[in-house]
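To start, the structure under review is shown below, and the notes come after it.
Note on naming: letters A, B, ... go to the chains in the order of the sequence lines (proteins, then strands), and numbering restarts at 1 for each one.
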Protein chains: 2
Amino acid sequence: MGRDRATLADVARRAGLSKTAASMVLNGREGTRLSAEAHQRVFAAAEELGYRPNVAARSLRTRKTATIAFVSDIVATTRFAGGLIRGALDASRERDHVLLITETQGDAAFEQYAIEAILDRQVDGVIYAAMATRRLAVPPAILGGPVVLLNATSPEQLPCVLPDDERAGAMVAETLLAQGHRDRIALIGRNRQKERDPEISLAAEARLRGIRDTLTAAGVSLCAEVFSPEWLSEHGYAAMRTLLDRPTRPSAVICMNDRLAFGAYQALGEAGLTIPGDISVLSFDDDPIAGWLRPGLSTAALPHEQMGRRAVEILLDGEGKGPWLVPMPLRRRRSVAAPAD
Amino acid sequence: MGRDRATLADVARRAGLSKTAASMVLNGREGTRLSAEAHQRVFAAAEELGYRPNVAARSLRTRKTATIAFVSDIVATTRFAGGLIRGALDASRERDHVLLITETQGDAAFEQYAIEAILDRQVDGVIYAAMATRRLAVPPAILGGPVVLLNATSPEQLPCVLPDDERAGAMVAETLLAQGHRDRIALIGRNRQKERDPEISLAAEARLRGIRDTLTAAGVSLCAEVFSPEWLSEHGYAAMRTLLDRPTRPSAVICMNDRLAFGAYQALGEAGLTIPGDISVLSFDDDPIAGWLRPGLSTAALPHEQMGRRAVEILLDGEGKGPWLVPMPLRRRRSVAAPAD
DNA sequence: CTGTTAGCGCTTTCAT
DNA sequence: ATGAAAGCGCTAACAG
């Protein structure tokens with residue numbers, strides 16, 4: 001891998017100057033002005049030799065590696081989180097940095113390994129990401145340098161990037177209100193654990209609050225709230241069946257995530273009900289399946305890519321503490337209409 | 001990030017030995033035997049100081065970085081490919097290596113950037129991955145060092161890791177045969193482009209061959225083959241409708257991927273047909289939704305994690321050229337039964 | 001304004 | 001059996 005590369009000494013020799021001079025020119029140092037002609041010669045030599053600096057050598061001297069560590073509990077390999085990495089990758093490239101990716105899988109030994117690997121390589125900063133939006137404990141060892149939390153907060157009040165779930169909740173409710181839904185709006189996916197324990201979820205409580213406050217402000221309240229042990233499709237299915245067994249059928253259902261909505265669709269389909277003719281469905285996340293469903297599911301999108309970008313921007317451009325809330329845009333598809341009534 | 005770290009000199013001083021001795025002990029050099037007591041002292045000193053070697057300094061000397069570049073066209077941020085990275089990450093960790101991840105997004109400028117970033121950092125090897133199993137052109141610049149192709153082949157005959165799609169096709173067909181399906185097996189997802197152009201897909205042709213050969217060997221042939229412009233859910237939906245419009249309904253349908261199968265499920269649901277009672281469905285990929293569907297979709301799983309592992313094993317342990325075919329296990333869920341007849 | 005020199009932290013001859 | 005010294009390629013003091 002890349003042997004026989006031209007070194008700075010080669011460039012300097014060819015340009016007929018010292019290494020120092022070459023180094024300064026190549027790094028665009030302002031302070032010391034070499035002759036314009038010297039600049040030309042150095043650039044030409046570098047060009048001809050295909051010179052590229054050796055990062056290891058440079059870091060040894062400068063203690064900068066142009067490398068960012070992306071550490072996640074498990075997010076890196078999750079369907080949801082591709083966007084997080086994608087965004088971080090793009091923003092890193094724009095700033096001439098590169099990403100070292102690591103996964104702890106929630107395992108202490110793995111985390112230890114990740115941290116050592118990172119420290120040994122003298123990365124310039126760490127992005128610590130969580131799969132589910134939540135509060136977490138950052139290992140003290142990485143606190144020695146710049147850290148940004150992605151999709152997470154921590155007791156230490158580190159700078160962090162989060163999706164704006166509360167605003168998303170509000171938008172979802174507003175959308176339903178705007179279509180004329182009032183007293184027959186149901187909610188699927190209430191979950192005490194998620195709502196109470198910030199180490200499990202920050203999203204549940206925020207989404208719920210956004211929905212509730214908006215509805216309340218309009219003088220409306222939810223006609224039903226179904227709890228689910230998890231936010232999986234089978235729970236959405238069961239919850240929707242529960243709802244359909246009641247005497248009065250809801251005109252609209254808000255699901256706490258797309259997976260629940262997926263299950264709800266199944267139950268609706270089996271019951272011979274149509275969306276949005278009989279019931280409107282609205283949800284959160286914008287999982288890829290939201291677009292595969294018939295009709296397409298309207299949902300507040302987790303802005304993964306934006307979040308990933310933000311994280312490296314904050315890390316590298318250092319913009320204070322935040323927290324930075326990234327808006328969750330509502331993807332309008334065809335699952336919402338005015339109530340049949 | 002990690003300033004004030006103890007250096008080898010600190011360890012040596014504390015152990016009352018030279019840097020040389022300390023280095024040798026810490027690296028477990030065999031040739032030269034220092035006294036057992038010297039070993040003890042060095043280890044103790046390193047332990048007490050929390051010594052960790054500086055990777056940059058070491059690489060400068062050894063030209064090894066314990067870092068692998070994972071370059072992909074776009075796979076890194078795709079729902080499908082999480083497993084590829086996960087497997088590579090696990091295998092890397094086991095070998096004390098770390099992954100530098102990069103995405104070209106099929107863009108020449110990005111690829112150029114990725115290559116330079118990699119070369120500048122003197123990575124020990126490159127894993128070049130593709131999202132869709134296909135043949136691709138490896139940029140010559142990275143041919144200077146070890147390279148393994150992941151989910152791809154190349155004209156240069158580089159070592160590569162691929163899913164065993166042909167065998168998977170055979171298993172799918174065998175499964176149907178074993179259930180008693182014979183002359184009413186249909187196929188959804190034929191696609192001339194994918195089947196003909198290895199730069200687009202290697203999977204289409206292999207899966208088809210596996211299916212055909214197995215069926216032929218049993219004296220059976222497909223009762224219908226529906227073409228699709230792409231392998232998306234809407235195409236699966238349309239294809240299934242086409243099938244249902246025919247005079248004789250198939251007893252089983254093989255879909256070239258889960259997305260098509262997802263669409264087929266929708267069409268079947270709308271037509272009031274049940275799976276597997278009326279029609280069995282079998283597919284490829286094992287996308288997460290396969291488990292969310294009702295009934296669960298039986299499908300030949302792309303062994304992403306295994307493939308990712310294999311790639312780094314081959315890269316680091318150097319085991320010849322391959323190609324290495326990784327088996328695609330059949331996930332048996334509830335979408336297959338004996339024909340109603 | 002330019003070049004020489006001294007390391008960054010580590011491994012590796014080569015003497016002792 | 002152990003240590004001194006020489007770099008790996010680069011940048012930053014410091015002279016000239």
Handout entry: A/D73 with A/R134: basic N within carboxylate O range, under 4.0 Å
Key = yes
Exercise for the section: For C/dT11, take OP1 and OP2 only and decide whether either is under 4.0 Å from a side-chain N or O of B/S23. Expected result: yes
Practice task
Report yes if a side-chain nitrogen or oxygen of A/R58 is closer than 4.0 Å to either non-bridging phosphate oxygen (OP1 or OP2) of D/dG9; otherwise report no.
Solution key: no
Practice task
Report the end-to-end axis angle of the helix from C/dC1-D/dG16 to C/dT16-D/dA1; each axis comes from five terminal pairs, and the value is rounded to 10°.
Solution key: 50°
Problem - Nearest-angstrom distance from the residue atom CZ of A/R13 to P of C/dT2 - result: 20 Å
Problem - Protein-nucleotide distance (B/R5, atom CZ; C/dC10, atom C1'), rounded to Å - result: 13 Å
Exercise for the section: Round to the nearest Å and state the distance from B/R61 atom CZ to D/dA5 atom P. Expected result: 16 Å
Practice task
Map B/L60 and B/S18 onto DNA chain D by nearest heavy atom, then report which one ends up closer to the 5' terminus.
Solution key: B/S18
Practice task
Kindly say if A/R63 contacts the phosphate of C/dG9, meaning a side-chain N or O under 4.0 Å from OP1 or OP2.
Solution key: yes
Handout entry: Heavy-atom side-chain contact between B/L8 and B/L26 under 4.5 Å
Key = yes
Problem - Nearest-Å distance for atom pair CG/P, residues A/N54 and D/dG9 - result: 7 Å
Practice task
Before accepting this row, confirm whether a basic side-chain N of the pair A/R93/B/E103 lies closer than 4.0 Å to the acidic partner's carboxylate O.
Solution key: no
Completion exercise
In numerical order, the residues of residues 41-51 of chain A whose heavy atoms come under 4.0 Å of DNA chain C are none
Problem - Rounded distance in Å - CG (A/L26) to C1' (D/dT11) - result: 12 Å
Exercise for the section: Going by the salt bridge (Lys or Arg N to Asp or Glu O under 4.0 Å) test, name the single residue among B/R310, B/R309, B/R95 that passes it with B/D317. Expected result: B/R95
Problem - B/R121 CZ to D/dC10 P, straight-line distance once rounded to whole Å - result: 14 Å
Completion exercise
Separation of D/dC8 atom P from A/K19 atom NZ, nearest Å, is 9 Å
Handout entry: Residues which pass side-chain contact (heavy atoms from CB on, under 4.5 Å) with A/R58, listed by chain and number, not counting sequence neighbours
Key = A/N27, A/P53, A/T62
Practice task
With the side chain of B/L17 defined as its heavy atoms from C-beta on, choose the nearest nucleotide among D/dG9, D/dG3, C/dG9.
Solution key: D/dG3
Exercise for the section: With sequence neighbours left out, write down each residue that passes salt bridge (charged side-chain N to carboxylate O under 4.0 Å, His left out) with B/D197, or none if nothing qualifies. Expected result: none
Exercise for the section: Would you mind reporting whether B/P327 and B/P303 have side-chain heavy atoms less than 4.5 Å apart? Expected result: no
Problem - Value in whole Å for how far the P atom of C/dT2 lies from NE2 of A/H39 - result: 9 Å
Exercise for the section: Check whether any side-chain heavy atom of B/F70 lies under 4.5 Å from a side-chain heavy atom of B/I85, and answer yes or no. Expected result: yes
Problem - N or O in side chain of A/T7 less than 4.0 angstrom from D/dC10 OP1/OP2 - result: yes
Handout entry: side-chain hydrogen bond (donor to acceptor under 3.5 Å, both in side chains) against A/T20, all qualifying residues, sequence neighbours excluded
Key = none
Exercise for the section: Please name all residues satisfying salt bridge (charged side-chain N to carboxylate O under 4.0 Å, His left out) with A/E48, sequence neighbours left out, ordered by chain then number. Expected result: A/R14
Exercise for the section: For A/T20, answer base if it contacts any base atom (sugar-phosphate contacts may also be present), sugar-phosphate if it contacts only those atoms, and nothing otherwise; contact means non-hydrogen atoms under 4.0 Å. Expected result: base
